[in-house]
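One structure is given below, encoded as structure tokens.
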Number of protein chains: 2
Amino acid sequence: MQGTPRARWLDAEQQRDWRAYLRASRLLETALDRDLQEHGVQLSEYEIISMLSEAPGRHLRMSALADLVVQSRSRLTHTANRLERRGWVERRPSAGDRRGIDLVLTAEGRRALEGMAPVHVESVRRNLLNHLSADEFHALGSAMRSIADGIRSQAPGHDVGKGTDAI
Amino acid sequence: MQGTPRARWLDAEQQRDWRAYLRASRLLETALDRDLQEHGVQLSEYEIISMLSEAPGRHLRMSALADLVVQSRSRLTHTANRLERRGWVERRPSAGDRRGIDLVLTAEGRRALEGMAPVHVESVRRNLLNHLSADEFHALGSAMRSIADGIRSQAPGHDVGKGTDAI
DNA sequence: GACATCTAGTTGAACTTTCAATCATTCTTC
DNA sequence: GAAGAATGATTGAAAGTTCAACTAGATGTC
């Protein structure tokens with residue numbers, strides 16, 4: 001717990017676990033993406049329309065959506081263009097702030113999502129849920145929540161309090 | 001537990017945990033990548049030279065390496081070209097099989113890796129390890145190992161036994 | 001109320017990844 | 001031992017992502 005100035009290497013077990021994480025997270029991403037791609041979308045596109053479908057009024061501001069799906073704004077702009085060309089989303093100026101743009105899920109987008117959702121759920125089960133007990137899966141979720149919170153708490157704009165890491 | 005033919009949706013808690021996984025895995029990837037990019041490499045490039053450095057003789061066959069880091073062969077070919085241009089790796093015909101190519105870490109590549117390793121370890125600690133207890137982290141590693149095993153056991157080429165999934 | 005500063009979103013070029021086609025070699029099997 | 005199938009790696013074009021620069025509107029400040 002004493003902060004040593006120099007980076008300590010990981011011990012053998014940590015190293016093994018870290019490698020396991022890295023490898024599995026990629027296998028999983030690849031598998032989920034492949035399954036959705038048979039239906040003509042990428043996972044990252046699916047996420048966008050899925051978030052929109054759950055948002056009140058089926059719309060979200062570009063910046064809020066970008067944060068939610070962890071994509072850069074620029075990437076979201078380009079992806080939204082693709083989705084718009086397919087008729088799945090539309091852009092609308094957001095109420096109140098004239099800089100803002102709302103991305104709205106169209107009826108056609110909703111239908112497309114409804115067609116893909118069962119495929120995707122089945123894929124999540126087959127590639128993830130089926131390999132863990134309910135407890136293991138829930139522990140995975142909690143651990144990942146802690147990680148997300150931890151990372152966000154160091155993000156720029158977050159006031160960390162007193163210098164945890166003075167150069 | 002009775003296999004219903006139709007996809008069951010996820011229950012609210014599973015959904016929450018799955019979303020947490022997705023979001024955190026992306027925040028983590030982004031954070032680790034950003035930290036390495038300050039030193040001019042992407043995480044996926046770092047992984048390649050790091051695997052090479054640990055391999056006996058500091059070399060691996062392209063196909064073995066591609067599997068190890070979960071990249072397509074084509075992607076690895078392109079990435080290896082970039083690394084080769086920087087003088088960090090070299091290609092050599094592999095012994096025995098004249099179709100094969102070994103990717104070898106150069107002395108310069110090793111030096112570069114040694115320079116970046118502490119940065120990367122610190123980043124893994126800061127973005128991942130520090131947010132979990134030792135037990136939680138180990139459980140995460142185990143869960144991810146199960147997932148990797150589960151996904152690979154369904155991969156094409158793996159004989160699954162009698163038809164688990166008749167059309 | 002005008003200045004700088006910050007936030008929201010877009011743009012196009014550069015870069016990376018994917019996709020389908022290709023070439024060479026090895027393995028099968030007949 | 002020759003034909004066909006499978007494996008290893010590469011190629012170049014298409015598709016997707018990042019990066020830096022930019023426009024427009026909001027916010028803070030003096």
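Only this structure's heavy atoms are used, side chains among them; waters, hydrogens and symmetry mates stay out.
In this structure, CD on A:Q42 lies 6.0 Å from CG on A:D33, to the nearest 0.5 angstrom. Here the straight-line distance linking atom CD of B:Q71 with atom OG1 of B:T79 works out to 5.0 Å at 0.5 Å rounding.
Every ring-ring contact (aromatic ring centres under 6.0 Å, His included) that B:H120 has, sequence neighbours left out, goes to B:Y46. Under the rule for a side chain to side chain contact (heavy atoms under 4.5 Å, CB included), the partners of B:Q14 that lie at least two apart in sequence or sit in another chain are A:R125, A:L129, A:F137, B:L10, B:D11. Qualifying side-chain hydrogen bond (donor to acceptor under 3.5 Å, both in side chains) partners for B:E13, counting only residues two or more places apart in sequence or in other chains: none. Residues satisfying the side-chain hydrogen bond (donor to acceptor under 3.5 Å, both in side chains) criterion with B:S63, sequence neighbours excluded, are absent altogether. For A:R86, the side-chain hydrogen bond (donor to acceptor under 3.5 Å, both in side chains) partners are A:E45, not counting sequence neighbours. Among residues two or more places apart in sequence or in another chain, the salt bridge (charged side-chain N to carboxylate O under 4.0 Å, His left out) test is passed with A:R34 by none.
Listed by residue number, the members of residues 60-69 of chain B with any heavy atom below 4.0 angstrom from DNA chain D are B:R61, B:M62, B:S63.
If you check every strand for non-hydrogen atoms under 4.0 Å, B:T79 touches sugar and phosphate atoms only. Backbone-only engagement by B:Q42 is indicated by non-hydrogen atom pairs under 4.0 Å involving sugar-phosphate atoms exclusively. Among the protein residues, A:R34 comes within range of no part of the nucleic acid, since none of its heavy atoms lies under 4.0 Å from any strand.
Spacing between atom CD of B:Q71 and atom P of D:dG8 amounts to 17 Å, rounded to whole angstrom units. One interatomic measurement links the two molecules: CD of A:E84 to P of C:dT11, which rounds to 10 Å at whole-angstrom precision. One can place CG of A:D102 at 12 Å from C1' of C:dA8, the figure rounded to the nearest angstrom. Atom CZ of A:R85 is separated from atom C1' of D:dG16 by 11 Å (rounded to the nearest Å). Rounding to whole angstrom units, CD of residue B:E45 and C1' of C:dC15 are separated by 11 Å. Atom CG of B:L43 is separated from atom C1' of D:dT18 by 16 Å (rounded to the nearest Å). Atom CG in A:L76 sits roughly 15 Å away from atom C1' in C:dT11 (whole-Å rounding). The CD-P distance, from B:E29 to D:dT18, rounds to 10 Å in whole Å.
A sub-4.0 Å separation between OP1 or OP2 of D:dT7 and a side-chain N or O of B:R73 is absent. One finds no side-chain N or O of A:R91 lying less than 4.0 angstrom from the OP1 or OP2 phosphate oxygen of C:dG9. One finds a side-chain N or O of B:R82 lying less than 4.0 angstrom from the OP1 or OP2 phosphate oxygen of C:dT17.
End-to-end axis angle of the helix from C:dG1-D:dC30 to C:dC30-D:dG1, from C1' rotation axes over five pairs per end: 30° (rounded to 10 degrees).
Legend: salt bridge (Lys or Arg N to Asp or Glu O under 4.0 Å) pairs involving residues 53-74 of chain B, not counting sequence neighbours, sorted by first then second residue: A:R19-B:E54, B:R61-B:D97. Under the salt bridge (Lys or Arg N to Asp or Glu O under 4.0 Å) criterion, the residue pairs touching residues 132-151 of chain A are A:R145-B:D17, A:D149-A:R152, with sequence neighbours excluded.
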Just list the side-chain donor-acceptor pairs under 3.5 Å for residues 105-116 of chain A, sequence neighbours left out, or say none.
from   : atom 1 : to     : atom 2 : distance (Å)
A:T106 : OG1    : A:G87  : O      : 2.6
A:T106 : OG1    : A:W88  : O      : 3.1
A:T106 : OG1    : A:E108 : N      : 3.4
A:T106 : OG1    : A:G109 : N      : 2.9

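Under a cut-off of 6.0 angstrom, the local environment of CZ in A:R16 is sparse, with at most 12 non-hydrogen atoms contributed by other residues, nucleotides or ligands.
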5' to 3', nucleotides 19-29 of chain D under a 4.0 Å protein heavy-atom cut-off (B base, S sugar-phosphate only, - none) gives B-----BS---
